Structures are given as structure tokens and as C-alpha cells.
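All remarks here apply to the structure that follows.
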Amino acid sequence: MPVITCIDDLKRLHKRRTPKMFYDYAESGSYSEQTFRENTSDFAQIRLRQKVAVDMSGRSTESTMVGQKVAMPVALAPVGLTGMQRADGEIKAARAAAKFGVPFTLSTMSICSIEDVAEATQAPFWFQIYTLNDDKFNRDVLNRARAAGCSALVITVDLQILGQRHKDLKNGLTAPPKFTLPVLMDLATKWQWGLEMLGTKRRFFGNIVGHVEGVSDPSSLSTWTAEKFDPTLNWDKIKKLMDMWGGKVILKGILDVEDAEMAASVGADAIVVSNHGGRQLDGALSSIRVLPEIVSAVGNKTEVWLDSGIRSGQDVLKALALGAKGTMIGRAFVYGLGAMGEPGVTKALEVIQKELDISMALCGERNVHDLKRENLLIPQGFLNAYS
Ligand code: GLV
């Protein structure tokens, strides 16, 4: 068992053990990948303010997210095709999250279905919805999520159409993979992945295949989004969906103050400041750069969370200190899953919690709720560099 000390260690193993097509899917941004890169490089520009000789006993990373107790304010984000990174990947990640005490979010574009995850886990998970141009499917999928005991609905608002990720086109991304010569050559070095995949029946988009008809290639994410996602999604439809759900709602993919105000006014319990991990609008600002203005506009009306770019507990600390009440991680847990399955997801969570706890202590803080702007050193002009 290799010694894992940071999320980058898991990323290296993920790359080695998972078919290139799926590693690349996770590790892509859209177009030039500028926003994808800046999500992490902007976090790196922010520094931490050291405080010494402060009592650091009795520390806690515990908090709540939409009223739910969490071991740290870090939820697993919805990630499409997670069950292609490892066989039954969504079930493995959901189990690791539940044992650790953080929420898991199941993507509409998952491989394991809502019912699969509910059957294999005890704790309630969250469900993320992409609305399709099929009202019956939208109604049914909410009923399925309710029947499975999902405790919150995450509505992704920044993906009615897919930002192009060059690598997915070049790799011919499908779930399951089509056995072309390059795929077979790649799989020859990823035999453990292949063996595990042979041992599961879950190799298709489990929430949609068999529930919706009339898509020209049911194994292709880009075909689903182009042919079946609802391009007319607007605030009225979001509000209707929220009413149809009737429970806690998190609106994910907000990057603009006016949109944040709209989201708060329709009654979102939380919003996620997110650029979809740099996978949608290339050229958009990093989430951490826009977080503070959104917190000051709507932070007293709804919980403001952040995703996109978090690869460490220090990044979580920075987001919390800039006013986020919670965070979501996508790639950071997917690296763990691709590297080592369920124990890898647990490892990713342990790494992040330990980094958060120790960095918080060295900043002179004992509780995540006390983190504030003064714990950070931010370059002059960083937060209002763009207008
Ligand atoms: C889907 O959510 C994607 O970003 O690929």
C-alpha cells in the first residue's frame, strides 16, 4: 500500500489505474482550460496568516450544511460517470462519505442508479438533477429520488448545453467504452479496472437508460446533453422544479451576483458558487475570486457554498474564511476512487480534514465557524481585479 500524504498522490495513482478516457474526462476543462487552471492557481495566490501562542486544544471541523450535521463542511459533488472510474463507483463513494459523515451527491449522469445507491447504502444521500426535455422523466426522477429517501435536491443551473472538452472528443468518450484498438491497448495496462468492471452489471447511465427513449447513442454523454437536456431551463422552471420537490434545494453553478440574488429570491436553501470545475464557460472567473461579492450580496439570505478548485484542506479553509458556509469537492474524491476505490475516497476525505484541522490550528483558530478574512493574506487587487 503506497504512502498517501496528499490529494496529488491519489491523482497519480488514479491516472495509472484508470482507463485514459475516464481519467481525462475527470481531468478536463472546456476549450483552452483557462478557467480550469485558474480555479487552482487562484487558490494558490491566497496565503494564510500564521498566529502563534494560541491555545489550540479542543478543535472542531464540524458544521452543518442545509441543516444536516457534517464532520467538516465538505460535501461530495455530483460527478458524471463516477461508476466508470471504478466499478460501482457511486456506491463506493456514497459509502465512504456516509462513514466519514459528509454528504454524497448522486449525479443524474451517474452509472449506478438512484435505486442502486439507495439499496447499497444506509444514510440518505443528495440527488442532483439535470432537467431533460421530457416532463414525465423530470417528474418521475424526482419521485424516484424521494422514494429513495434523498434528503436534498441539487439543481445544476450551468449545464443546459455542454462546454466542449477536447480530450473527450479525441478519446471517443462513452460509457461503457467502445472497444477500439487504442482503448484495448490502454485497457491491457488497466486489467484490475477491467476485472472489477466485469464483476458488475452497472456499466450504463443507470438513471436514464431504460427510463428515456429516443437518444441516438445512449452511451454518449455529449449525445444525451445535445439531444435530451432542456435548453429552455429558466428561473420559472427552476422554481417549478423546486416546488415539485418540496424539500431542501441547493442551486449549483452560480458565478454572478445578479444570479445569486435570483437564486436567493426563489428560495434556494443553499447556492454553490461554481464554474463546474472549469468545464463549462472557459474564460469565466475562478470561484474563489467571485465568492466574497456573492457572500456579501446574499450571504444573509441563503447558505453560500463553493466548489471548483478545492484540492486540499487549506483550500477549504480559504473558502470558509472568505465567507463560504460549505464546500463541495469533485475531482479530489474522484482521484481517490480511481486510485483505490472506497478506501481511496476515505483517504481523500481524511487528507482534506487533517489539512484543514492543522492549518486552522496554525492560523490560531479552533473552530471552522471562527474562520474569517483576517486569517488570510490576499494580494492587493486580487478580489476586484476584474469588473
Ligand atoms: C457533467 O456534469 C460534466 O461536467 O461532464
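Start at 1 and go down the list; that is how both ligands and their atoms are numbered. Here the structure is a predicted model, which is why all the values come from computation and not from measurement. Atoms considered below: every heavy atom in the structure, side chains included; atoms not considered: hydrogens, waters and symmetry mates.
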Open item on the list: With the threshold set at under 4.0 angstrom, would you say T225 reaches ligand 1 through any of its heavy atoms?
Closed with: no
- [ ] Give a yes or no on whether K15 atom NZ has more than 12 heavy-atom contacts from other residues, nucleotides or ligands under 6.0 Å away.
- [x] no
Task: Atom indices of ligand 1 within 4.0 angstrom of Y25 heavy atoms, with elements - done: 1 (C), 3 (C), 5 (O)
Task: Side chain proximity check, M84 to Y25, heavy atoms < 4.5 angstrom - done: no
Task: Under 3.5 Å side-chain donor-acceptor pair for D158 and N275 - done: no
Task: Heavy atom of R279, distance to ligand 1 below 4.0 Å - done: yes
Task: Close-contact set for ligand 1 against Y130 heavy atoms, below 4.0 Å - done: 1 (C), 2 (O)
TODO: Provide the number and element of each atom of ligand 1 under 4.0 Å from a heavy atom of L221.
DONE: 5 (O)
Open item on the list: If the cut-off is 4.0 Å to any non-hydrogen atom of R165, which atoms of ligand 1 fall inside it?
Closed with: 3 (C), 4 (O), 5 (O)
TODO: State, without any angle test, whether R165 and Q280 hold a side-chain donor-acceptor pair at a distance under 3.5 Å.
DONE: yes
TODO: Within a distance under 4.0 Å of any heavy atom of H276, pick out the atoms of ligand 1 and give their elements.
DONE: 1 (C), 2 (O), 3 (C), 4 (O)
Task: Polar contact flag, side-chain donor to acceptor under 3.5 angstrom, N138-T131 - done: no
Open item on the list: Whether the D24 and S28 side chains hold a donor-acceptor pair (N or O, under 3.5 Å, no angle test) is what I'd like checked.
Closed with: no
